[in-house]
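What follows is a single structure, written as structure tokens, with notes after it.
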Amino acid sequence: MKVSFQKQCDEDEDWFSSTFLDWLAKQIHTRVEPSKSFCEQYGKDWEIAIAITTIWLERIREPEIRRSKKKIEWAMSLTLRPGKSLEPAFYSKDVRAIIDTVATMLSRLEIDPSRILADIPTLLKDFESNPKMVSAQAVKNYLQKLEAGKAPHLPEPDDASSVQNTVSMRNVGLEFDGSHSYQYGDKYFFSDRFHEWWGRQLRKRLGKNKAFVEQNGKGWTLSFSFDVQEKRKKPEVFGPQLPRTRLGDPPHMRGWYIALPSFPLKYPDLKAYVPLMRQFLEQIVLILEREGMDAKRIKDETELLLKEFTKQRGMFEYDDLDDYIEAEEKKERDRAKDSAKSLKDDPDIAARLKNLRRKYELKFGVAFDATAKQRRGKGWMTDYVVVDLTVAMPSKNGKIPDDVYRDATEVFKLAEKTLNRSRAYFCLRFVPDLKRRPWSVAMLLTSRDWADTHSLIKQAATDCVALTLENSTFKKQYANYTHALCSYSHRNKCLIAFPSEVAITFGDHFSDCDNVERVLLTGGCDRNIHCMSGVYLGNLNYFLQRHREAIPHWQRAADAGEPEALMCIGSAFAMLGDMTQAFRFCKLALQKGVPSKLLDDPDFAVFRRHPLFAKLKTVREAKPAKLAKPLSPKWNMPQNLKELVEENEGMWEDERWKPILLTVMSGVSNRGRRIPLYWQLEFDPYARAFKAAGKQMKECGIEPDGGAWAELIEREFKQRYPKLAREFDSDSETSTCVVSVKSEGACKKLLELVWSMIYPK
């Protein structure tokens, strides 16, 4: 097994030479042997390549396993002293931190690092005796920058402030930082008393620390914390984590993190957590022994500590959120049942339902009933009801029976009079079977649909059912979206129909619904629904060979930001024999970045033989137009941004672009990967600066809330900067728009985009 090192450091901290890297690799290689488990998983002839970096904030990055090269690439991130001395002894603590981290990495690969840890004094002595370990040129460059005032002055361990801090602190302190995360479904969490009690008990039993002081000096504190991780089978220790400040400067702290196997926090009895605490103490003992400290008393008194632990009070706090949600949901279900009973007791409604049940299997009830007692909204949001009538299709001929629709409409009219609510919504749903529902087609109706728009909704639903039952190509295309909903937007004067992965039931309160349900309940049609509905209705008409009727629907989708719909319009004109229009829309699609492969579709067979088709080969994707408004004030980030973030507990805010707040954060993870700095923009969409842009959104039928703004920004950002699209993320609410990216360059472009939206020329 081979071990190698490389460096990826900031210029000011790049003091160690290639001689140091070669020496370190040799010393590590001669002191470790691949374990049996390592050989079984990888092999004896693998290489562990470790990068020493000062660029990232995380202590140890996750390794990259390159099996084709038989190589494990790993990176450690440290904050090192500036290269301002040619004496190797000046950097001893940095080297100690590097060796400690290497030992941690090896132990995580199940390789025994005990020889390395035992020989640390020898290794440091060898390092200090060789002047070639330090790069003379790097030190010279840093001193020149420091003299010219271009490098920040950083305090050294022998400064007065550091000495005073060392004198005032104990030789070695210990603190317990508790547990930091909990699993979904946990009903209890550890209280402050739990943290204080364990910290006190561990400090009382901390033994002699002469070996630790000899290696590290006085004035240090060891900090412990643990997490219970889902799917973890055995305990694991991570560390030591060194402070974000420069090594050697106060505070002197070494942090250890203990990951324990999954354990549900669902029981009020402390005895249930004794196995968890026993594993915790075992890991504490191992860490203290590794740090050269006497942990014998903690080890000997483990059972006594656990017994005392079970007698304590106030160790837990009860999280009643799940119980509260469950109770609220039960109240809502009970209200819906009471409303449904009142409808079924109505003689006219009962007669209509009885007549329908003679021919069809059906289920009738109230999906949701909001009452004024809830006080969870204003106006009609505290006084609306959703009635659902689900009918099993009697045959597979793809036709919705007229009598079902007629009687259902009459039932809905009677229900509206009986319930007498501010608003009433009615879902007429068709399924193949009441118990097994592999697909469904629903019509969302209101009293405004009785006059004339109900026929449009019925026709769209009929087309959905017919294609779902009869067209295998359509079913294959929408295999993952087997549920559909048809409605009419009276605010936007347009038909709506779109597919869904699950059936939309409107069974939650308005404030708990997703954005699509909210828009439908308010009778609107935002850009997202315009896009979904335009594509779906266009495809419905296409599969029914109604090419001319499909064009206006696809045009809606194209206007809402779906460029592939332009290619669909081109295919429709090609099928209709209008090659001029086919050329026009295909050209627009290619300029929007739609792949030219779509021109191989059989629908373009005749068009491909037309002279205009050859001209499409020269069409290229158009570059996005320049932003309308330049960013002001200009983008200018502090050179010591990382330090500012850490000094402010992992968060730095910049208010120069009011009403937009820029926040830079550290310690953020995304899909299991740590992000060095996370860049976030936040603003109130109803602030005065956004009024003009919000008015334009309203004219398009879009409520300019935080979610709508996030969708608009995301679409424009991905269209302008497709290479940065994967960095974009959002976590917006109705009253706040929050969008974020993972790099400074992407944040600058994102801020320029938002700025141009609210301050156009």
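Residue indices begin at 1 and follow the sequence shown.
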Next item on the list: Give the C-alpha distance, both sets of side-chain angles, the deciding distance and a yes or no for salt bridge (charged side-chain N to carboxylate O under 4.0 Å, His left out) between K748 and E752.
Entry: CA-CA 6 Å; K748 181 176 181 291; E752 288 173 343; 2.7 Å; yes
Next item on the list: Evaluate salt bridge (charged side-chain N to carboxylate O under 4.0 Å, His left out) for D369 paired with R421, printing each intermediate quantity in order.
Entry: CA-CA 10 Å; D369 185 8; R421 298 299 173 81; 2.3 Å; yes
Check: What's the verdict on side chain to side chain contact (heavy atoms under 4.5 Å, CB included) for L544 and E549, showing C-alpha distance, side-chain angles and the deciding distance?
Finding: CA-CA 10 Å; L544 293 169; E549 289 82 353; over 6 Å; no
Check: What do the steps show when you test V404 against L362 for side chain to side chain contact (heavy atoms under 4.5 Å, CB included), and what is the final call?
Finding: CA-CA 10 Å; V404 172; L362 58 87; over 6 Å; no
Item checked: I504 and F498: CA distance, side-chain angles, deciding distance, side chain to side chain contact (heavy atoms under 4.5 Å, CB included) verdict -> CA-CA 11 Å; I504 299 176; F498 56 87; 3.7 Å; yes
Checklist line | E714/K718 under salt bridge (charged side-chain N to carboxylate O under 4.0 Å, His left out): CA gap, chis, key distance, verdict | finding: CA-CA 6 Å; E714 179 178 12; K718 290 183 177 180; 2.7 Å; yes
Item checked: From CA spacing to verdict: side-chain hydrogen bond (donor to acceptor under 3.5 Å, both in side chains), S500, H483 -> CA-CA 5 Å; S500 174; H483 302 272; over 6 Å; no
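Side chain of K363 to backbone of T390: no donor-acceptor contact under 3.5 angstrom is found. Without hydrogens or angle criteria, S756 side chain to L753 main chain gives a donor-acceptor distance under 3.5 Å. S533 contributes a side-chain N or O that, together with a main-chain N or O of A497, makes up a donor-acceptor pair within less than 3.5 Å. With hydrogens and angles disregarded, a donor-acceptor distance shorter than 3.5 Å links the side chain of S732 to the backbone of V738. Listed for the Q680 side chain is no donor-acceptor partner under 3.5 Å among the backbone atoms of S740. A donor-acceptor pair under 3.5 Å links the side-chain atoms of R518 to the main chain of F510, judged by distance alone. Side-chain atoms of R726 never come within 3.5 Å of backbone atoms of K723 as a donor-acceptor pair (strictly under, hydrogens ignored). Checked by atom type and distance alone, the side chain of D383 pairs as donor or acceptor with a backbone atom of S422 at under 3.5 Å. Using a distance-only test at 3.5 Å, with no hydrogens or angles considered, no donor-acceptor pair links the side chain of R429 to the main chain of A503.
Classified by interplanar angle (parallel below 30°, tilted 30° to 60°, perpendicular above 60°), the ring pair Y536/Y478 is perpendicular. The aromatic rings of W635 and W679 sit tilted, their planes meeting at an angle between 30° and 60°. Between Y405 and H454, the ring-plane angle classifies as parallel under the 30° and 60° cut-offs. Classification of the Y488-H490 ring pair by plane angle, with boundaries at 30° and 60°, yields perpendicular.
G507 and F368 get closest at one heavy-atom pair: O-CD1, 3.4 Å. The shortest non-hydrogen separation linking F683 to I660 is CB-CA, 4.3 Å. Considering all non-hydrogen atoms of both residues, V387 and F364 come closest at CG1-CE1, 3.6 Å. Summarising the geometry of W554 relative to N539, their closest heavy-atom pair is NE1-OD1, 3.3 Å, with the distance given to 0.1 Å. Taking all atoms of both residues into account, the shortest heavy-atom contact from D654 to M637 is OD2-CE, 3.8 Å. When all heavy atoms of F426 and E416 are compared, the closest pair comes out as CZ-CB, 3.9 Å.
To the nearest 0.5 angstrom, R423 atom CZ is 9.0 Å from T446 atom OG1. A distance of 10.0 Å separates SG in C486 from CG in L445, rounded to the nearest 0.5 Å. The line from CZ of R491 to OG1 of T522 is 4.5 Å long, rounded to the nearest 0.5 Å. Note that CD1 of I569 and OG of S571 are 9.0 Å apart. Values are rounded to the nearest 0.5 Å. To the nearest 0.5 Å, atoms CG (L750) and CG (L681) are separated by 4.5 Å. Atom CE of M567 sits about 7.5 Å away from atom OG of S596, to the nearest 0.5 Å.
Between R720 and K749 the shortest side-chain heavy-atom distance does not fall below 4.5 Å. Contact check for I496 versus L520: side-chain heavy atoms found under the 4.5 Å cut-off. Looking at heavy atoms from C-beta onward, H553 lies out of side-chain contact with L540 at the 4.5 angstrom threshold. Contact annotation: the side chain of C737 never approaches that of V754 to less than 4.5 Å [non-hydrogen atoms, C-beta and beyond]. No side-chain heavy atom of T663 sits under 4.5 Å from any side-chain heavy atom of Y678. Residues E653 and L661 meet the side-chain proximity criterion, which asks for heavy atoms closer than 4.5 Å. Using a 4.5 Å heavy-atom threshold, the side chains of W709 and I758 count as touching. A 4.5 Å side-chain heavy-atom check between D600 and F604 finds every atom pair outside the cut-off.
Across N492, D559, V535, a single residue satisfies side chain to side chain contact (heavy atoms under 4.5 Å, CB included) together with H530, and that is N492.
Counting heavy atoms of neighbouring residues, nucleotides and ligands inside a 6.0 Å radius, atom CD of E361 does not exceed 12 of them. Heavy atoms from other residues, nucleotides or ligands lying under 6.0 Å from CZ of F543 number more than 12. Residue K615 places its NZ atom among 12 or fewer non-hydrogen atoms of other residues, nucleotides or ligands, all under 6.0 Å distant. Within a 6.0 Å radius of CZ in R548, no more than 12 heavy atoms belonging to other residues, nucleotides or ligands are found.
Under the side chain to side chain contact (heavy atoms under 4.5 Å, CB included) criterion, M579 pairs with V606, F607, H610, sequence neighbours left out. Shown here are the salt bridge (Lys or Arg N to Asp or Glu O under 4.0 Å) partners of D578, two or more places apart in sequence or in another chain: there are none. Looking at residues two or more places apart in sequence or on another chain, you find a salt bridge (Lys or Arg N to Asp or Glu O under 4.0 Å) between E655 and K658. Partners of K691 under the side chain to side chain contact (heavy atoms under 4.5 Å, CB included) rule, at least two apart in sequence or in another chain, do not exist in this structure.
Aromatic pair Y425/F506: ring centres not closer than 6.0 Å.
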For residues 580-592, please give each side-chain donor-acceptor pair under 3.5 Å, one per line with the distance, not counting sequence neighbours.
none

N/O donor to acceptor pairs below 3.5 angstrom from side-chain atoms of residues 461-470, sequence neighbours left out:
unit_1	atom_1	unit_2	atom_2	d
T462	OG1	K458	O	2.8
D463	OD1	Q459	NE2	3.0
D463	OD2	R546	NH2	2.7
T468	OG1	C464	O	2.6

